[in-house]
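Computed over heavy atoms, backbone and side chain alike; hydrogens, waters and symmetry mates excluded.
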Amino acid sequence: KKCRICCLPLHLNEDNARFGLLAALILLYLLCGAVVFSALEHPSELQAHRHWDEQLANFTEQNSINLKSLEVLLKQYEEAFATGIRVDKLRPRWDFSGAFYFVATVVSTIGFGMTTPVTIAGKIFLIFYGLIGCAATILFFNLFLERIITMLAYIMRWCHERQLRRSGMGGEEARSEDDSLEGWKPSVYYVMLILGIAALLIACSASALYSAMEEWDYFESLYFCFVAFSTIGFGDVVSSQREFYKAQEAYRLGNCLFILMGVCCIYSLFNVISIIIKQTLNWILGKLECSRAQCPCRGRPYRRRGRVCCCLETVCDSETDRRLSGEMISVNDFMTNKVSLAILQKQLSETAHGNPRQSHVRQNGFSGGVGAFAIMNNRLQETSVDR
């Protein structure tokens, strides 16, 4: 029997409600973060100012130096600092290797700030160079994410098949194995867990390298890895800045590879987490909007499926139930459509949106999308219409 729909679709402005709720939660998150960081860091800031004033007064008194003259010299040093001048000798900023490191931080949107253009021509060129480079790098990250989810889905399906074989199916039970595989769906939570473990392994390995080469403690190295891999890029701690290292070329190559792999993994992880956040928003909106007063199932238990509510005593076939609930694609669909997990990503998006598939939409797996994925998906949708 088909699942009997007992509620009209929820309000058409659900997307606006989701956007408003997310904006309110982000604002609350920012306020909480400001309170915590202010409590943690403000006392240290005040202490640092007091310590600097004491040092400045002691130095001028011991060396009989005019305070205003010293302040002029310090301001000149601040200007020189912006061009890469340091008291400790560091690597050249604008030789070929230094310039390559700089453009890599630009297109990856890390932007450490250790090196910045100071000429007018350099600043103008950076605007156009970054516009194209950042867009191309975001596309690269999207394509990387598509392929990494493809690989993970195949691995998860292989593990599921092995689990079925180990369960010792035989006779009639063996014939139901295909049905079990058809009904199996890869979980977005497993994808998040695997990506999180991969990012953690890369960060731990990179931290061991940085601790040895940069003489940082291990926690500071982990801090740098997160700041760099997430493209926050404060610039307070930056790798590969000394003039000379042991095994210098190998270290610089390893540094670039670790940052590349880390940025790709963290970017992928952020996209998957955004899907889960959107699922949470849908759950909150469902609790707020699909009340018993709205539902003809009032007085009886019901479950929200996408934008509709179904009475629990109705019987739903598995395919209708799955399409209404917006769950991820089954193995049968996955193998039949021969896609590289663009459809899985679409299903992840549907899970987050709570949208059932529309029969009039072509099932090419490229429509929709979550986060930065939507950019790639819209383009794939356009290029696949005439196939």
Apart from L131 itself, what residues make up its hydrophobic cluster when side-chain heavy atoms of I, L, V, M, F, W and Y under 4.5 Å apart count as a link, directly or indirectly? none

Establish, from distance only, whether the side-chain atoms of E45 and H42 form a donor-acceptor pair under 3.5 Å. yes

For the residue pair T137 / S108, report whether a side-chain donor-acceptor contact shorter than 3.5 Å exists. no

Looking only at heavy atoms, which two atoms of F102 and T116 are closest? And how far apart? CE1-CA, 4.3 Å

Contact summary for C265 and F144, nearest pair of heavy atoms: N-CE2, 4.3 Å

Are any of the side-chain nitrogens in R50 or E54 under 4.0 Å away from the carboxylate oxygens of its partner? no

Distance-only check: which donor-acceptor pairs under 3.5 Å involve side-chain atoms of residues 229-248, not counting sequence neighbours?
| unit_1 | atom_1 | unit_2 | atom_2 | d |
| --- | --- | --- | --- | --- |
| S230 | OG | F226 | O | 2.5 |
| D236 | OD2 | Y223 | OH | 2.8 |
| S239 | OG | N255 | OD1 | 2.9 |
| S239 | OG | N255 | ND2 | 3.3 |
| S240 | OG | R91 | NH1 | 3.2 |
| Q241 | OE1 | R93 | NH1 | 3.3 |
| Q241 | NE2 | S239 | O | 3.1 |
| R242 | NH2 | E214 | O | 2.8 |
| Y245 | OH | E214 | OE1 | 3.1 |
| Y245 | OH | E214 | OE2 | 2.9 |
| Y245 | OH | Q241 | N | 3.0 |
| Y245 | OH | R242 | N | 3.0 |
| Q248 | OE1 | Y245 | N | 3.1 |

Intermediate values then yes/no, side-chain contact (heavy atoms from CB on, under 4.5 Å), V272 and V188: CA-CA 7 Å; V272 175; V188 66; 3.7 Å; yes

Quick one, E146 and F141 - any side-chain contact, counting heavy atoms below 4.5 Å? no

L56 and L74, any side-chain heavy atoms less than 4.5 Å apart: yes

For Y190, enumerate each residue passing the ring-ring contact (aromatic ring centres under 6.0 Å, His included) test, keeping only those at least two apart in sequence or located in another chain. none

Name all residues meeting the ring-ring contact (aromatic ring centres under 6.0 Å, His included) criterion together with F224; count only those two or more places apart in sequence or in a different chain, and write none if there are none. F112, Y210, W216

Tabulate below the donor-acceptor pairs under 3.5 Å that side-chain atoms of residues 193-205 make, not counting sequence neighbours, or state none.
| unit_1 | atom_1 | unit_2 | atom_2 | d |
| --- | --- | --- | --- | --- |
| S205 | OG | L201 | O | 2.9 |

Rounded distance (nearest 0.5 Å) linking atom CD1 of I65 with atom CD of E71: 12.5 Å

Please list, chain by chain and in numerical order, all residues satisfying side chain to side chain contact (heavy atoms under 4.5 Å, CB included) with N58, sequence neighbours excluded. Q62

Apply side-chain contact (heavy atoms from CB on, under 4.5 Å) to residues V263 and T109 and explain how you reach the verdict. CA-CA 10 Å; V263 169; T109 71; over 6 Å; no

